[in-house]
Asker: 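Submitted below is the structure of interest, expressed as structure tokens.
Values in this document were obtained by computation on a predicted structure and should not be read as measured data.
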Amino acid sequence: MPHPLDKATADGHNVDGGLKAIGLTNQRETPSFGANPLDFLSTKLSSVWMLAPVPSEEKELSGGRSHFVESCGLPISTYFSAMKLLWLMENVDAVKDAIKKGYAIFGTIDTWLIWNMTGSVNGGLHVTDVTNASRTILMNLKTLSCDEYTLKTLGIPAEILPRL
């Protein structure tokens, strides 16, 4: 995949003097999972589905749907990426295997876009910003980092998440 600036130059655009910024729009609640260390979306597990029934985690936690609201500001809901990731971790053998072997990566569509725009398999960055991370249930709004308690409670390994 050619670098985006090289492609723009080849297409006749002057990016040296005029390019100031690139803006991305994305689907914050759409998860992306890579189960191959060489290809972020090799399994194409991106979707905007609503899971049913609500994961058992909600019923088992003392605060029910509001259990993580103090840290992330969101109720437990299948709308948010953390619950979709839990479903993948519990139900897709390729996901379980990739996590066990240490080469799984997870994020949202912005993560995938940035990864591709910064080199993908050739050193692409696995990152996101706090506005996108805030819609996963996994980010603490006070510290602007992944919430260790939430990750531990849900059994989500921090190493598969993008750097904020």
Asker: Looking only at heavy atoms, which two atoms of Gly155 and Met89 are closest? And how far apart?
Answerer: O-CE, 3.1 Å
Asker: Which hydrophobic side chains are connected to Leu144, either touching it within the sub-4.5 Å cutoff or through other members that do?
Answerer: Val130, Met139, Leu141, Leu164
Asker: What's the verdict on side chain to side chain contact (heavy atoms under 4.5 Å, CB included) for Leu151 and Leu138, showing C-alpha distance, side-chain angles and the deciding distance?
Answerer: CA-CA 7 Å; Leu151 294 177; Leu138 303 175; 3.9 Å; yes
Asker: Determine whether a donor-acceptor pair (N or O, by modelled atom type, separation under 3.5 Å) exists between the side chain of Asn91 and the backbone of Trp87.
Answerer: yes
Asker: Starting at CG of Leu161, measure out to OG1 of Thr136 and round the result to the nearest 0.5 Å.
Answerer: 7.5 Å
Asker: Working to the nearest 0.5 angstrom, can you tell me the gap between Arg135 CZ and Cys72 SG?
Answerer: 9.5 Å
Asker: Which value, rounded to the nearest 0.5 Å, describes the distance between Leu74 atom CG and Ser66 atom OG?
Answerer: 11.0 Å
Asker: At what distance, to the nearest 0.5 angstrom, does CG of Asp11 lie from CG of Asp6?
Answerer: 11.0 Å
Asker: About how many Å separate CG of Asp147 and OG1 of Thr153, when rounded to the nearest 0.5 Å?
Answerer: 8.0 Å
Asker: Can you name the nearest heavy-atom pair linking Pro162 to Thr128, along with the distance?
Answerer: CG-CG2, 3.7 Å
Asker: Taking all non-hydrogen atoms of both residues into account, name the closest pair between Ile137 and Ile76 and its distance.
Answerer: CD1-CA, 4.1 Å
Asker: Taking side-chain contact (heavy atoms from CB on, under 4.5 Å) as the definition, give me every residue that meets it alongside Lys100, ordered by chain and number, with sequence neighbours left out.
Answerer: none
Asker: Which pair of heavy atoms, one from Leu85 and one from Ile156, lies closest together, and at what distance?
Answerer: CD2-CG2, 3.7 Å
Asker: So how far is it from Ile109 CD1 to Ile114 CD1, rounded to the nearest 0.5 Å?
Answerer: 11.5 Å
Asker: Minimum heavy-atom separation for Met83 and Ser77, please, with both atom names.
Answerer: CG-O, 3.1 Å
Asker: Which heavy atom in His126 sits nearest to a heavy atom in Ile160, and how many Å separate them?
Answerer: CE1-O, 3.1 Å
Asker: Are side-chain heavy atoms of His67 and Ser62 found at a separation under 4.5 Å?
Answerer: yes
Asker: Is there a side chain to side chain contact (heavy atoms under 4.5 Å, CB included) between Leu154 and Thr150? Walk through the geometry before answering.
Answerer: CA-CA 6 Å; Leu154 297 177; Thr150 303; 3.8 Å; yes
